[in-house]
There are 2 protein chains.
Amino acid sequence: MDNRRMPTIGDVARLAGVSTGTVSRVLNQRAGVHPQTRERVLEVMERLGYVPMQAARELTGRGDTVGILLAPGVRRYIPYFVLLFEHLTEALWREGMRLEETPTDAAGLPLKPARGYILLGAHDHDPRLEALQNAQTPHVLIGVYPGAYWVAPDDEGGAYAATRHLLELGHRQIAHLTGQPQQQVGRERLLGYRKALEAYNVPFQPHLVLDGDFSTLTAYRVLRKAWEQGLRFSGLFAASDEMALGAAAALEDVGMRIPQDVSLVGFDDLPEIGTALTTVRQDIAQIARAAVRLLKESLAGGAPHGLRVPVQLVLRGTTSLKEVRTA
Amino acid sequence: MDNRRMPTIGDVARLAGVSTGTVSRVLNQRAGVHPQTRERVLEVMERLGYVPMQAARELTGRGDTVGILLAPGVRRYIPYFVLLFEHLTEALWREGMRLEETPTDAAGLPLKPARGYILLGAHDHDPRLEALQNAQTPHVLIGVYPGAYWVAPDDEGGAYAATRHLLELGHRQIAHLTGQPQQQVGRERLLGYRKALEAYNVPFQPHLVLDGDFSTLTAYRVLRKAWEQGLRFSGLFAASDEMALGAAAALEDVGMRIPQDVSLVGFDDLPEIGTALTTVRQDIAQIARAAVRLLKESLAGGAPHGLRVPVQLVLRGTTSLKEVRTA
DNA sequence: ACAAAGACTGTAAACGCTTACAAATATCCT
DNA sequence: AGGATATTTGTAAGCGTTTACAGTCTTTGT
């Protein structure tokens, strides 16, 4: 293995004929370096293949280690979060930052300080939010949080597109399997569903809204029970792929075929889950990149703002034209 | 945010009345420190909650950044893995090592070298295993892998204890809901079940073994279908808590009460999952600590070996004495 | 009792980087 | 021209840890 010493800031300084301080300033894009000097330094860095050593930067309190904070009580092993984790790792990596898993104390606060944080599953009056704000620690939230930096997918728009798709296939009895009403996501998706119905002049029927909780098992039980009790519909929009999977299993078990008898649309398009599903794709990678970009803004200082990441309807095998049965 | 400075080696030294050099020696388990001094230093470290700062160690060339490698194709969001992740983070952190999320390439190999690795979900002839072995990179596997460093829970023993518990409650018709046969875990748990039956002279009945796949939904469907087709039993040992949950839902939906009609035992005792379940507890924290200990051994060089972590039956509300029905 | 050897401990330099401060140089104003 | 500013640069002290080296005690052997 390459056992030559990695070039340091000192090497760069010597070769560029400047001091280490100047090199550091160039590195951190600080003002007050003569353009020519900057140019020379950058050239040498390029030539040497210089890469700043993270550990040393960290020691001076300017590390780019980013932590992830998950709200206490939120299940960490929700596929969505896990995937987001992965993409955040990747996105940070590209920017030369590192994602470190930091253990948290009982209150959910990190035991070890990081340069910035990305928060998942925070609720509106999360005490940790206040703590971060007070400490002026840069942070970005996943979800909608006016007043902070946040990134969220276009849940309402996605739900609208999903429902519209069913409507355009001719379905009029369209059920919706919701997430918990406590969660913003679930509410936004329900709203999109309702708006689409409204746009197509299909009356909203409360009994077609089935209460789920984002879990596959509950979806199965709710669907099966509803069907057995006589509820009928030809289209179903489930607020997540996992629920769509449970719903599909239930419908099959009561003798329905998908999509011949019931058309089904999910939401999320997570890899490895329902890969045959017509669904609304969230580009998690894009969300991760957006979060990292905002984190950098936050690091640089600026006015907090949010970002909506667009979603996209993906047509696969679980939806079809409403059969017009001849009487 | 907690803006108190983290305690440093200097703080420890001052409070213990020794020099930083000595503290460092204690930290690195170097010889030549008086036992009493060592004791005192360790006490102060404990009291202060001192944790060495990884960045500083890295600067001196003694960094211990550890990576986690998950077999490609293995679902990362399995609760068990996620929890293991958390505990590994914690355990490594205590030892002054850091767990860094490293993106991997298509083959599942890390893009950035680390001091050592912990592998999850590897299969017997994983190409990555060979790669690590060839590169002499220290690594520990979770699961049973003769010839390497490995840590695994006592699956067979736990299954034995679970089944014995049901037997001692008087149950004789005991079903077993398995995991996939491709996975070692599933096989070992099945073996424990069979051995317990044997020990109590209860004949093994193949039709009482129900094929699951560790998922809640499948468990529900398999159980419900089996019951509806007339299969009867008074005890059920599910190879995981998640499956036990699905099974319980199915049994309830067909009108059975737990534990009055059917006694149920799970496996894993994951927090947030089936907290009312009689189950076999795996101490994931202990497994994580063991993995870290082995990793350190591996780092120090030595003969690879494995470690079984004991499990424990936890009695809760889902098992009861077999009712003796008077005819 | 005394030197030599051994056990233990303290000291300070080094790791690569940032940054407050001081110093040097350039620019502007009257 | 002669200061007053503004711009650019260098200097050196730190960040938390390790470790070679030099001390200071103990023990041991004679």
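We name chains A, B, ... by the order of the sequence lines, and we start the count at 1 in each one.
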DNA chain C contacts made by residues 34-47 of chain B, counting heavy atoms under 4.0 Å
H34(B), T37(B)
Ring centroid separation Y149(B) to H139(B) under 6.0 Å
no
With each end axis built from five pairs of C1' atoms, what bend angle do you get for the helix from dA1(C)-dT30(D) to dT30(C)-dA1(D)? Round to 10°.
40°
Mind checking V23(B) for me? I need base, sugar-phosphate or nothing, with any heavy atom below 4.0 Å counting as a touch.
nothing
Between Y50(B) and I9(B), which heavy-atom pair has the shortest distance, and what is it?
CE1-N, 3.6 Å
D283(B) versus V311(B): any side-chain heavy-atom pair under 4.5 Å?
no
Any non-hydrogen side-chain atom of H305(A) less than 4.5 Å from a side-chain atom of W150(A)?
no
What heavy-atom pair brings T20(A) and A13(A) nearest, and what distance separates the two atoms?
N-CB, 3.7 Å
Give the rounded distance in Å between these two atoms: CZ of R30(A) and P of dT9(D).
15 Å
So that I can tick it off, tell me whether R57(A) and E58(B) are bridged by a salt bridge, with the cut-off set at under 4.0 angstrom between side-chain N and carboxylate O.
no
Taking the side chain as every heavy atom from C-beta outward, state whether Y117(B) and L119(B) have any pair of such atoms under 4.5 Å apart.
yes
Roughly how many Å is it from CZ in R25(B) to P in dC8(C), rounded to a whole number?
11 Å
Would you mind reporting whether L48(A) and D11(A) have side-chain heavy atoms less than 4.5 Å apart?
yes
Shortest non-hydrogen contact between V314(B) and R281(B), atoms and distance
CG2-CB, 3.6 Å
Would you list the protein and nucleotides 14-17 of chain D atom pairs, both N or O, that sit under 3.5 Å from each other?
| residue | atom | partner | partner atom | Å |
| --- | --- | --- | --- | --- |
| dT17(D) | OP1 | Y50(B) | OH | 2.6 |
| dT17(D) | OP1 | M53(B) | N | 2.8 |
| dT17(D) | OP2 | I9(B) | N | 2.5 |

Are P310(A) and D154(A) side-chain neighbours, meaning at least one heavy-atom pair lies under 4.5 Å?
no
